[in-house]
Amino acid sequence: MCTFDQAWAEKVDRAAEKIRLMVFQHTIEQRGGYLTQACSAGQILAALYQGLMHLPEMETPRLPEGWHGVPGPGRPAQTGIGFNSGGLPGYDRFVLSPAQYALVLYAVLIETGRMDKAGMQAYNADGSSVEMIGAEHSPGMEVTTGSLGQGISQASGIAMGLRLKGDTGRVFVFLSDGECQSGEFWEALQAASFHKQDNLILVVDRNGCQCDGVMEPVMNIEPFDERFRSFGCACVRIPGHEPLKLAQALATPHEGKPLAVICDTDPCYKLEFLRERYPKFHYIRFTEPGQWEDYRDRYEQMAKEARQ
């Protein structure tokens, strides 16, 4: 049984630091990547995988398989659920709604001993399941979330299925704030509330950014927490870089209601030099002369400090 105390929070913070560094490394190697997502969501996902979700222990990290192809006769659907609960009864399920966070999820799986680090060698390669934009066959992903806003719909369906089977496992769905601008999100939330799905847990990375830049000029979703409550959810809003606050929020009583935890985060957390890119944080590209070399040097310095 995991004890959620200061020692646990420090362990999560150390894991998040390694996750950021791993994603930074791949951003350099791939000459671009979803780096700010590791800054905003590192602690959240590390905390979920280090005890906040009820998952079975893994004896050894799994090595991802190659892509088996489209499901059909003699070729069943291939999913990444084996890196999480494996579908075993009584354990929690996890849905990554914003599939562009896949690289962060892979880093989390490696850091928490669920995925073999050698799997990263196949990242974004032809025929690999370790895709840049994760799909149902990718490590840690049970479903293809497709267009943003679909993850909550699928998580709600899984939650209903578990309840009908008498399974006590919960369904955690990790969301980006940008996808909460979509109508499908609110429609699914309304349905989950109507069906009193208190086995559905929503964790939102509220980093204030989406692919077009800052959220508010595109479509304002504030007051975010009040909107959740008006749709029938229990809702807690916390500082997203404080693991203990997340642990406390997930312990909030919410009988007969889905629970939403809004995590206010910083897309440049611990990587202050990213602020020079304001307001475009969605995907890091190296468009200016010498920019890639500058970031490579920053990464090498961070990696050197981490080894000391």
Side-chain angles (χ1 to χ4, degrees), residues 26 30 33-34 37 45 49 53 55-56 58-110 114-167 169-176 179 182-185 187-188 191-192 195 197 199-200 211 283:
H26 278 265
Q30 299 287 318
Y34 293 99
Q37 288 81 353
L45 290 171
Y49 273 90
M53 292 193 297
L55 300 176
M58 297 190 71
E59 293 183 5
T60 57
R62 291 183 52 144
L63 186 65
E65 302 175 16
W67 184 56
H68 295 171
V70 177
R75 190 165 56 201
Q78 175 187 1
T79 79
I81 194 174
F83 292 85
N84 297 332
S85 70
L88 296 173
Y91 289 101
D92 293 335
R93 307 285 274 270
F94 177 74
V95 173
L96 181 73
S97 188
Q100 76 271 16
Y101 281 69
L103 178 55
V104 188
L105 178 59
Y106 304 151
V108 171
L109 293 172
I110 290 172
R114 308 190 77 84
M115 174 175 156
D116 193 308
K117 62 182 180 181
M120 279 293 207
Q121 296 174 6
Y123 176 75
N124 204 31
D126 288 345
S128 170
S129 64
V130 189
E131 293 195 31
M132 176 187 287
I133 306 295
E136 65 178 8
H137 45 264
S138 299
M141 296 192 67
E142 180 175 352
V143 294
T144 298
T145 45
S147 299
L148 293 179
Q150 292 183 355
I152 183 176
S153 301
Q154 297 183 83
S156 178
I158 295 169
M160 182 173 287
L162 292 180
R163 173 172 289 173
L164 291 172
K165 292 195 302 182
D167 194 318
R170 302 167 295 175
V171 181
F172 283 77
V173 55
F174 177 87
L175 298 141
S176 64
E179 67 181 302
S182 67
E184 180 178 351
F185 169 80
E187 183 178 1
H195 291 292
Q197 293 184 329
N199 61 340
L200 180 63
C211 62
Y283 185 91

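In this text, all values refer to a predicted model and were calculated from it rather than measured experimentally.
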Side chains of S129 and Q78, heavy atoms from C-beta outward: is any pair under 4.5 Å? yes
- Test item: Q197 side-chain N/O and S156 main-chain N/O as donor-acceptor pair under 3.5 Å: yes
Ring pair (Phe, Tyr, Trp, His ring centres under 6.0 Å) filter on F185, not counting sequence neighbours, yields F228
F172 meets the ring pair (Phe, Tyr, Trp, His ring centres under 6.0 Å) criterion, sequence neighbours left out, with none
Ring pair (Phe, Tyr, Trp, His ring centres under 6.0 Å) pairs touching residues 71-91, sequence neighbours excluded, are H54-Y91
When every non-hydrogen atom of P139 is compared with those of M115, the smallest separation belongs to CB-SD, 3.8 Å
Can you classify the ring geometry of F94 versus Y49 as parallel (below 30°), tilted (30 to 60°) or perpendicular (above 60°)? perpendicular
- Query: Does the ring center of Y101 lie less than 6.0 Å from the ring center of F174?
  - Reply: yes
Under 3.5 Å, which donor-acceptor pairs do the side chains of residues 62-69 form with other protein atoms, sequence neighbours left out?
unit_1	atom_1	unit_2	atom_2	d
E65	OE1	H68	NE2	2.7
W67	NE1	H137	ND1	3.4

What one should report as the nearest heavy-atom pair of Y106 and S138 is OH-CB, 3.4 Å
**OP:** Decide yes or no for N84 and L109: does some side-chain heavy atom of the first lie under 4.5 Å from some side-chain heavy atom of the second?
**Re:** yes
**Message:** Is it the case that the side chain of Q150 and the backbone of T144 share a donor-acceptor pair, with hydrogens and angles ignored and the cut-off at 3.5 Å?
**Reply:** no
(Q) Under the criterion side chain to side chain contact (heavy atoms under 4.5 Å, CB included), I'd like the reasoning laid out for L200 against M160: C-alpha separation, chi angles, the key distance, then a yes or no. (A) CA-CA 9 Å; L200 180 63; M160 182 173 287; over 6 Å; no
The complete set of salt bridge (charged side-chain N to carboxylate O under 4.0 Å, His left out) pairs with one or both residues in residues 150-160, sequence neighbours excluded, reads none
Checking side chain to side chain contact (heavy atoms under 4.5 Å, CB included) for the pair V130/N124: CA distance, chi angles, key distance, verdict? CA-CA 6 Å; V130 189; N124 204 31; over 6 Å; no
Separation between CD1 (I133) and CE (M141), nearest 0.5 Å, reads 9.5 Å
Applying side-chain contact (heavy atoms from CB on, under 4.5 Å) to A188 and not counting sequence neighbours gives I152, S153
In short, salt bridge (charged side-chain N to carboxylate O under 4.0 Å, His left out) pairs touching residues 118-140 with sequence neighbours left out are none
Residue pairs passing the salt bridge (charged side-chain N to carboxylate O under 4.0 Å, His left out) test with at least one member in residues 82-103, sequence neighbours excluded, are D92-R170, R93-E142
With V143 as partner, the option from I81, L96, V95 fulfilling side chain to side chain contact (heavy atoms under 4.5 Å, CB included) is V95
Counting only heavy atoms from other residues, nucleotides and ligands, does the tally under 6.0 Å from CD of E187 exceed 12? no
Rounded to the nearest 0.5 angstrom, the CD-CG distance for Q100 and L105 is 12.0 Å
Residue set satisfying side-chain contact (heavy atoms from CB on, under 4.5 Å) with E179, at least two apart, ordered chain then number -> S97, P98, L148, L175, S176
Sorted by chain and residue number, the side-chain contact (heavy atoms from CB on, under 4.5 Å) partners of D167 (sequence neighbours excluded) come out as P89, L162
Correct closest heavy-atom pair for A99 and T145 would be CB-OG1, 3.8 Å
Applied to residues 114-134, the ring pair (Phe, Tyr, Trp, His ring centres under 6.0 Å) test, sequence neighbours excluded, yields H26-Y123
Quick note, salt bridge (charged side-chain N to carboxylate O under 4.0 Å, His left out) partners involving residues 149-165, not counting sequence neighbours, are R163-D198
